[in-house]
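Basis for what follows: all heavy atoms, side chains included, without hydrogens, waters or symmetry-related copies. From a predicted model like this one, the values you see are computed outputs, not experimental measurements. Atoms within a ligand are numbered from 1 in the order they appear, just like the ligands themselves.
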Amino acid sequence: MADSVLVAGASGYAGALAARLIDRHPHFELAAVTSRSDVGTRLDELYPHHRVSKVLEELDLDTHADVDAAIVAYPHGAAAPLVAALRERGVKVVDLSADFRLHDVATYEQWYVPHAHPELINTARYGLPELHRESLHGADLVAGPGCFPTAALLALAPLARAGVITDAVIDAKTGVSGAGRAATAKTHFVSVDENVAAYGVGHHRHMPEIDQELARLGAEITPVFTPHLLPLDQGELVSCYVTTDRAIDQDSLAELYADAYADEPFIELVDRPPGVRDVRETNLCRIQVHADERTGKAFVFAAIDNLWKGTASQAVQSLNLMVGRPEVEGVEP
Ligand SMILES: NC(=O)C1=CN([C@@H]2O[C@H](COP(=O)(O)OP(=O)(O)OC[C@H]3O[C@@H](n4cnc5c(N)ncnc54)[C@H](OP(=O)(O)O)[C@@H]3O)[C@@H](O)[C@H]2O)C=CC1
Ligand SMILES: CC(=O)N[C@@H](CCC(=O)OP(=O)(O)O)C(=O)O
């Protein structure tokens, strides 16, 4: 029997895509899509390309919580109360926000806002299946990783697990959809078009998440992380420059990554620099490694689609594991 799934915040970029993936999924049934400002509008009026005809409704827990699972696509801070209400009613949840990613509530509150449900933090699993698959099987609450942490952690995990990283620089580029549906002075067409600029310099909210997850993988470092905004709608590239405690030649580096990702359906190892177009509208992460003889550093480049592998399709990948379905179902490469 199909598992019914609610998508809350479906009028936003990530929620709308999640609704489309659930609607097309062979096992899940899209039970309802909710929003505050677009109630009564068909989702395909807002996003014709997703071709989901369901009408957006105002969230009503009395009716909408009668589902097996939910994807919550609210901004951070707004997500936690809904997640808590859904968990209270026994609904499995993938939360796309940052509310349950950081294990330490003080760190969360330092970088975000006061946390409404800190008691749930330790019940959440980090939804990066390639690195934490076992913990996602049967999980009730999964925190979808940030888009930059997804790409950066997939890029760095084999070296981190090998215990060889002493330092890293993560230079990141992203498309504008990462900022969500509402335009701001920073994301307005006129600001972004024909332009490229760094942002969040020295204080981007994904820093503590990357630090936390790298430490879990065995690299207790504070990497440099700087994102740049590009005039793209979707797509994200991280260029990582890694200092290691020993020399690693190209063959050893390539072998390390080939072994680490041998059975991963969504990781593509390639021998030329990946571009965001190579992975557009897929759940793939495409990675190239380069042992740089001149500097002795390991270079790792990773490209994802921020809305897909960076959030919505990765959420479906996790949801598959949470309910015991094949991991690739509905998000096949
Ligand atoms: N875009 C991306 O690439 C990524 C996004 N994420 C995360 O996914 C979540 C959704 O992001 P995205 O789709 O880009 O954002 P959007 O701004 O496009 O969408 C946010 C959604 O939440 C609703 N919403 C906004 N404020 C509130 C509130 N206070 N209470 C309830 N609902 C609210 C909005 O609709 P309405 O105002 O009508 O209710 C809308 O449906 C965020 O937590 C984001 O950080 C994570 C990784 C990547
Ligand atoms: C272009 C742009 O602004 N991108 C966003 C990406 C946010 C994201 O991945 O989501 P979370 O907020 O859920 O971590 C940013 O840099 O904040």
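- At least one heavy atom of Arg101 sits closer than 4.0 Å to an atom of ligand 2.
- In summary, the atoms of ligand 1 found under 4.0 Å from a heavy atom of Asn306, numbered by their order in the structure, are 3 (O), 48 (C).
- When heavy-atom distances to ligand 2 are checked against a 4.0 Å cut-off, Glu236 has no atom that comes that close, whether in backbone or side chain.
- A perpendicular orientation is assigned to the rings of Phe299 and Phe301, their planes being inclined by more than 60° (bins at 30° and 60°).
- The closest donor-acceptor contact from the side chain of Lys297 to the backbone of Ala168 lies at 3.5 Å or more, if one exists at all.
- No side-chain donor-acceptor contact under 3.5 Å links Glu236 to the backbone of Ala172.
- No donor-acceptor pair under 3.5 Å is formed between the side chain of Gln314 and the backbone N or O of Leu128.
- Looking only at heavy atoms of the protein, atom 43 (O) of ligand 1 is closest to Tyr74 O, 2.7 Å.
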Using the rule given for side-chain contact (heavy atoms from CB on, under 4.5 Å), can you reason through Tyr108 versus Asp99, listing the C-alpha separation, both sets of side-chain angles and the distance that settles it, and then say yes or no?
CA-CA 8 Å; Tyr108 175 88; Asp99 284 358; 2.4 Å; yes

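- Residue, atom and distance of the protein heavy atom nearest to atom 7 (C) of ligand 2 are Gly178 O, 3.6 Å.
- The option from Asp95, Thr187, Leu229, Leu96 that lies nearest to atom 1 (C) of ligand 2, judged by heavy atoms, is Leu229.
- No donor-acceptor pair closer than 3.5 Å links the side chain of Asp167 to the backbone N or O of Thr243.
- Closest to atom 12 (O) of ligand 2, if we only count protein heavy atoms, is Arg205 NH2, 4.1 Å.
- Using a distance-only test at 3.5 Å, with no hydrogens or angles considered, no donor-acceptor pair links the side chain of Arg280 to the main chain of Val276.
- Side-chain N or O atoms of Arg125 include one that pairs as donor or acceptor with a backbone N or O of Ser135 at under 3.5 Å.
- Ligand 1 places these atoms under 4.0 Å from at least one heavy atom of Ala78: 28 (C), 29 (N), 30 (N).
- For atom 4 (C) of ligand 1, the closest non-hydrogen atom on the protein side is Thr311 CG2, 3.8 Å.
- Gly12 CA, 3.1 Å is the protein heavy atom nearest to atom 19 (O) of ligand 1.
- Here the heavy atom of the protein found nearest to atom 37 (O) of ligand 1 is Arg36 NH2, 2.9 Å.
- Relative to atom 24 (N) of ligand 1, the option among Ser35, Pro75, Ser177, Ala182 with the closest non-hydrogen atom is Pro75.
- Relative ring orientation between His25 and Phe28 is described as tilted, the plane-to-plane angle lying within the 30° to 60° band.
- Residue contacts with ligand 1 for Arg101 involve side-chain atoms from C-beta outward but no N, CA, C or O (heavy atoms, distance under 4.0 Å).
- Every atom of ligand 2 is numbered from 1 in the order shown, and the set under 4.0 Å from a heavy atom of Ala179 is 1 (C), 2 (C), 3 (O), 4 (N).
- The option from Ala16, Ala14, Gly77, Ala315 that lies nearest to atom 11 (O) of ligand 1, judged by heavy atoms, is Ala14.
- Residue Arg181 approaches ligand 1 through these ligand atoms, each under 4.0 Å from one of its heavy atoms: 16 (P), 17 (O), 18 (O).
- Atoms CG and CZ, from Asp66 and Arg89 in turn, are 11.0 Å apart once rounded to the nearest 0.5 Å.
- The closest approach between Gly175 and ligand 2 falls below 4.0 Å for a heavy atom of the residue.
- Without hydrogens or angle criteria, Asn306 side chain to Gly235 main chain gives a donor-acceptor distance under 3.5 Å.
- Using a 4.0 Å cut-off to heavy atoms of Leu307, the atoms of ligand 1 that qualify are 1 (N), 2 (C), 3 (O).
- The protein non-hydrogen atom at the shortest distance from atom 35 (O) of ligand 1 is Ser11 OG, 3.1 Å.
- Comment: Asp38 engages Arg181 in a salt bridge, judged by a side-chain N to carboxylate O separation of less than 4.0 angstrom.
- At the top of the distance list for atom 10 (C) of ligand 1, counting protein heavy atoms only, stands Ala73 O, 3.3 Å.
- Remark: Glu119 does not engage Arg87 in a salt bridge, criterion side-chain N to carboxylate O under 4.0 Å.
- Against a heavy-atom cut-off of under 4.0 Å, Gly310 is close to the following atoms of ligand 1: 47 (C), 48 (C).
- Numbered from 1 in the order shown, with element, the atoms of ligand 1 that lie under 4.0 Å from a heavy atom of Gly178 read 1 (N), 2 (C), 3 (O).
- Summary of contacts: the protein heavy atom closest to atom 14 (O) of ligand 1 is Gly180 CA, 3.3 Å.
- Under the 3.5 Å distance criterion, the side-chain polar atoms of Ser313 are matched with a main-chain donor or acceptor of Lys309.
- Regarding atom 38 (O) of ligand 1, its nearest protein heavy-atom neighbour is Ser37 OG, 2.4 Å.
- Counting heavy atoms closer than 4.0 Å to ligand 1, residue Ser97 contributes atoms from both its backbone and its side chain.
- For atom 3 (O) of ligand 2, the nearest non-hydrogen atom from the set Lys186, His228, His206 belongs to Lys186.
- Leu17 and Ile71 fall within a single hydrophobic cluster, where Ile, Leu, Val, Met, Phe, Trp and Tyr are joined by side-chain heavy atoms under 4.5 Å apart, directly or via other members.
- Interface atoms of ligand 2 facing Phe148, defined by a heavy-atom separation under 4.0 Å, are 16 (O).
- Criterion: ILVMFWY side-chain heavy atoms under 4.5 Å apart, direct or through other members. Under it, Leu321 and Leu284 are part of a common hydrophobic cluster.
- Inside a 4.0 Å radius of atom 45 (O) of ligand 1 there is not any protein heavy atom.
- Residues Glu57 and His64 bring a donor and an acceptor atom of their side chains to less than 3.5 Å of each other.
- Tyr126 contributes no side-chain N or O that, together with a main-chain N or O of Leu102, makes up a donor-acceptor pair within less than 3.5 Å.
- Between Gly9 and ligand 1, a contact under 3.5 Å exists for at least one N or O pair.
- Judged by distance alone, with hydrogens and angles left aside, the side-chain atoms of Asn320 form a donor-acceptor pair with the main-chain N or O of Glu327 at under 3.5 Å.
- Protein heavy atom nearest atom 17 (O) of ligand 2, with residue, atom name and distance: His204 NE2, 3.4 Å.
- Distances below 4.0 Å separate heavy atoms of Tyr199 from the following atoms of ligand 2: 1 (C), 2 (C), 3 (O), 4 (N), 15 (C), 16 (O).
- The closest approach between any non-hydrogen atom of His76 and ligand 2 is not below 4.0 Å.
- Remark: ligand 2 and Cys147 share an N or O pair separated by less than 3.5 Å (distance only, no angle test).
- Each of the atoms 1 (C) of ligand 2 lies under 4.0 Å from some heavy atom of Thr174.
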